[in-house]
There are 2 protein chains.
Amino acid sequence: MAAAREPRRDLAAMLVPLGRALTAAELPLLAEHGLSMWAYAVLLRLEAEPLRSQAALAESIGADKTRIIEVLTALESRGLISRTPDPADRRVRLLALTPEGSRVRDAAQSAIQSREDRLLAHYLPPTQRTPFLTALATLSALPPESLTDPDL
Amino acid sequence: MAAAREPRRDLAAMLVPLGRALTAAELPLLAEHGLSMWAYAVLLRLEAEPLRSQAALAESIGADKTRIIEVLTALESRGLISRTPDPADRRVRLLALTPEGSRVRDAAQSAIQSREDRLLAHYLPPTQRTPFLTALATLSALPPESLTDPDL
DNA sequence: TATTGTTATACTCTATAACTATA
DNA sequence: TATAGTTATAGAGTATAACAATA
């Protein structure tokens, strides 16, 4: 007979609702900084490295190039990002955070993360907190193919 | 000066894409059993306890009562669930898993979880696996109000 | 001809409102 | 009248297709 498997809920069945609930809880924090979730995602992405096309940006944050345009337009008109044609190839846009954009992003992220820190501190035993965050970071850093791999 | 905060990505920014990727990777497994994600969610929910109204079921799995109807109809016509009017109040439906429904659910869940187990075994150090699962279970079991609590 | 960004269109998913049948 | 379930309609979010500018 097969080895007994300790019963647990499916990973996805835990991750997805938790992610949704957390997102919903954090939207008001973003709103205080005038940011939608997509706008915030853009600001976070531009933090990592300056980007050389809107399509590349869209793909890297899981959006698509058509629906990110109005987000970029709004951010640009607020002065949070700059969007200039690449002199080398004027079809593509160079996207960068402005100092003000950097400030707003940091303020928003600080609000988000300090709330998350309180949440973790309040509900998770200290011994689980670091392993949880480390494991989550590991899994979320996996390329999507890792999860789809049929040989897994 | 404020204490240095070890930089990390936002919790939600890790949870949501991971949940999506995992869901996408698992959809084909469900499809092999003829199940959509919502149908699977229904079967899982009916496992826990027999339910006494479609609206209650819908709410408990994060759907709404209108869009769950066709899912229930399909499951019923396949003989995976029974849907009978409550004799005490013929407006409400009593929802229960049939033996065949239980069989299909177990088969699907077994496929899902054994894949998840392989994923965890492959990418997570053994010392992190249990703490990760335990912490995730804890957080996902929190009532949504816990996350929204302004006093947190 | 191919590609970036944009605009326009279609589609899917979800939410709201109206309807029926019971109570 | 009020509620469970259903059906019909509307809306938001997303994806697809067509277009203009540049290469």
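Naming: A, B, ... by sequence-line order, numbering from 1 per chain.
Under a 4.0 Å N-O distance rule, the pair B/Asp117/B/Arg129 does not qualify as a salt bridge.
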Taking only distance into account, with no hydrogens and no angle test, what donor-acceptor pairs under 3.5 Å do side-chain atoms of residues 90-97 of chain A form with protein atoms, sequence neighbours excluded?
from, atom 1, to, atom 2, distance (Å)
A/Arg91, NE, A/Asp89, OD1, 3.1
A/Arg91, NH2, A/Asp89, OD2, 2.9
A/Arg93, NH1, A/Arg90, O, 3.4
A/Arg93, NH1, A/Arg91, O, 3.3

Quick one: side chains of residues 15-31 of chain B, donor-acceptor pairs under 3.5 Å with protein atoms, not counting sequence neighbours, listed by atom name and distance.
from, atom 1, to, atom 2, distance (Å)
B/Thr23, OG1, B/Gly19, O, 2.7

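Under the rule for a salt bridge (Lys or Arg N to Asp or Glu O under 4.0 Å), the partners of A/Arg52 that lie at least two apart in sequence or sit in another chain are A/Asp86. Not counting sequence neighbours, the partners of A/Phe132 by the ring-ring contact (aromatic ring centres under 6.0 Å, His included) test are B/Phe132. In this structure B/Arg103 satisfies the side chain to side chain donor-acceptor pair (under 3.5 Å) test together with B/Glu100, sequence neighbours excluded. With sequence neighbours excluded, the residues forming a side chain to side chain donor-acceptor pair (under 3.5 Å) with B/Thr66 are B/Asp64, listed by chain and number. For A/Thr138, the side chain to side chain donor-acceptor pair (under 3.5 Å) test picks out no residue, with sequence neighbours left out. The side chain to side chain donor-acceptor pair (under 3.5 Å) search around B/Ser53 returns none, not counting sequence neighbours. Partners of A/Arg83 under the salt bridge (Lys or Arg N to Asp or Glu O under 4.0 Å) rule, at least two apart in sequence or in another chain, are A/Glu76.
Remark: nothing in residues 68-82 of chain A comes within less than 4.0 Å of DNA chain D through any heavy atom.
In this structure, A/Arg52 reaches neither bases nor backbone, as no heavy-atom distance under 4.0 Å exists between it and the strands shown.
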Pairs under 3.5 Å (N/O, protein and nucleotides 21-23 of chain D):
from, atom 1, to, atom 2, distance (Å)
D/dA23, OP1, A/Arg90, N, 3.1

Just the atom pairs and distances: protein N or O near nucleotides 8-19 of chain C's N or O, under 3.5 Å.
from, atom 1, to, atom 2, distance (Å)
C/dA15, OP2, B/Arg67, NH1, 2.5

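A/Leu27 has its CG atom 11 Å from the P atom of D/dG13, to the nearest Å.
Checking the phosphate oxygens (OP1, OP2) of D/dT6, a side-chain nitrogen or oxygen of B/Arg83 falls inside 4.0 Å.
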